[in-house]
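Worksheet: the structure to be examined is printed underneath.
All ligand and atom numbering here is 1-based and tracks the order in the structure.
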Amino acid sequence: MMVIGKPFLTVEQIQNRVRELASKISDDFSGKEIVAVGILRGAFMFFPDIVRHINVPMKIDFLIASSYVKSQTTGKIAIFADIREDIKGKNVILFEDIVDTGLTLKYIYDMLLSREPASLKICTFLDKKARRKVDLNIDYIGFDIPDHYVVGYGLDFEGRFRNLPYISIFKERI
Ligand code: IMP
C-alpha cells in the first residue's frame, strides 16, 4: 500500500501530547537550565513545537545524523554535524522523531555521554518498541506505535512527506 491515508495521529492529538510532554519536562527540570538538542532532520517539526512550551531556561543546539538509506537500516550511523555547545556538567535532553531499532540514538547517546554532561535524557516523539535492537532508556515518549512505517510531522519516506502536519501510515511494514 503506497497511499497516504487519513491521519494515524491528527494535528490535534500531536499538539496536545506535545504540550503534555513539555509540561512534564518543565516540572522535572524546574529550577535548572537545560541544553535541548534537536536531532535532524527528523525532529525538525517536533523540536520547535515542544521547546516553545518548555518553560525552563535553555540553550538550543542541533545534531544532524542519518542511519537510513532508502528506509532500510544499514547499521551505519553518520554524524553530519555535531552540536556546538560544550555540554560538560550540563543537563542535556535529546529530541528525536522516532526510535526504531534504537541504533541511531544509542550511538548519539554514548557519544554525548562521554562528554560528561550532568544528566542526559532522551525525548522521542514516537517509539516503535517492537523493533528495538539495543537497550536504550527513553525518558519521555510522545506515542508508542506499532510496527508500521509512518510519515509526516518530520518523518520521511525517501526524503518526502516530512511537511505533513500529521502522522500517516505509509506502509504496513517496511
Ligand atoms: P533507528 O536507528 O532504527 O532507531 O532509526 C531511527 C531513525 O530511522 C529515525 O530517526 C528516522 O529517521 C528513521 N525511521 C525509523 N522508522 C521510521 C518510520 O516509520 N518512518 C520514517 N522514518 C523512520
Side-chain angles (χ1 to χ4, degrees), residues 1-11 13-15 17-18 21-22 25 35-51 60-83 87 92-115 120-174:
M1 198 181 59
M2 292 274 286
V3 178
I4 306 302
K6 65 178 172 54
F8 177 67
L9 295 171
T10 65
V11 172
Q13 284 174 306
I14 292 170
Q15 295 303 327
R17 186 67 187 130
V18 164
L21 279 182
I25 291 172
V35 178
V37 177
I39 301 175
L40 300 177
R41 289 178 279 189
F44 90 95
M45 261 195 209
F46 173 51
F47 188 53
D49 276 1
I50 192 162
V51 293
I60 299 280
D61 210 337
F62 301 96
L63 188 147
I64 310 179
S66 171
S67 64
Y68 274 58
V69 178
K70 294 203 169 182
S71 300
Q72 297 295 315
T73 185
T74 58
K76 187 168 158 28
I77 316 298
I79 305 288
F80 293 120
D82 202 345
I83 54 169
I87 57 168
V92 180
I93 309 179
L94 301 175
F95 292 88
E96 172 70 301
D97 55 351
I98 185 168
V99 182
D100 188 32
T101 65
L103 288 165
T104 309
L105 212 49
K106 174 84 177 134
Y107 182 88
I108 293 168
Y109 185 88
D110 289 346
M111 181 181 89
L112 296 183
L113 197 63
S114 72
R115 298 178 195 173
L120 183 58
K121 304 284 183 194
I122 295 174
C123 174
T124 187
F125 175 62
L126 299 176
D127 187 3
K128 252 197 253 181
K129 284 201 175 65
R131 303 238 319 155
R132 198 72 89 257
K133 282 188 185 156
V134 290
D135 196 24
L136 199 63
N137 183 42
I138 305 180
D139 305 279
Y140 306 98
I141 297 168
F143 298 93
D144 273 307
I145 63 160
D147 184 11
H148 298 308
Y149 196 85
V150 291
V151 295
Y153 198 61
L155 291 148
D156 74 308
F157 177 73
E158 297 185 3
R160 300 196 178 83
F161 312 112
R162 288 190 198 273
N163 60 309
L164 297 176
Y166 53 85
I167 291 284
S168 201
I169 294 175
F170 186 70
K171 288 179 178 177
E172 293 305 316
R173 281 188 148 271
I174 298 177

Under a 4.0 angstrom heavy-atom cut-off, which atoms of ligand 1 come close to [X]?
X	result
His148	19 (O)
Glu96	10 (O)
Leu103	2 (O), 4 (O)

Kindly identify the option in Asp100, Val99, Thr104 whose heavy atom sits closest to atom 2 (O) of ligand 1.
->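 Among Asp100, Val99, Thr104, the closest heavy atom to atom 2 (O) of ligand 1 comes from Thr104.
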If hydrogens are left out, which of Val134, Leu126, Ile98 has an atom nearest to atom 11 (C) of ligand 1, that is, the closest non-hydrogen atom?
->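 Nearest option to atom 11 (C) of ligand 1, by heavy atoms: Ile98.
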[X] side chain to [Y] backbone, donor-acceptor under 3.5 Å:
X	Y	result
Arg41	Gly154	no
Lys128	Thr101	no
Asp139	Ile122	yes
Thr10	Gln13	yes

Is ligand 1 less than 4.0 angstrom away from at least one heavy atom of [X]?
X	value
Lys128	yes
Gly102	yes
Lys133	no
Leu105	no

Might you confirm whether atom CG of Asp110 has over 12 heavy atoms from other residues, nucleotides or ligands at distances under 6.0 Å?
->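 Yes, the 6.0 Å shell around CG holds more than 12 heavy atoms from other groups.
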Sub-3.5 Å N/O-N/O distance, Val151 and ligand 1 =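 For ligand 1, there is no N or O atom that lies under 3.5 Å from one belonging to Val151.
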Under 3.5 Å between some N or O of ligand 1 and some N or O of Leu155?
->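 For ligand 1, there is no N or O atom that lies under 3.5 Å from one belonging to Leu155.
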Over 60° means perpendicular and under 30° means parallel, so classify the ring planes of Phe157 and Tyr149, tilted if in between.
->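 If you compare the ring of Tyr149 with that of Phe157, the planes turn out perpendicular.
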Under 6.0 Å between ring centres, would you say that holds for Phe125 and Phe95?
->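 No, ring centres 6.0 Å or more apart.
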Tell me, with the steps shown, if Arg17 and Asp49 meet salt bridge (Lys or Arg N to Asp or Glu O under 4.0 Å).
-> CA-CA 11 Å; Arg17 186 67 187 130; Asp49 276 1; over 6 Å; no
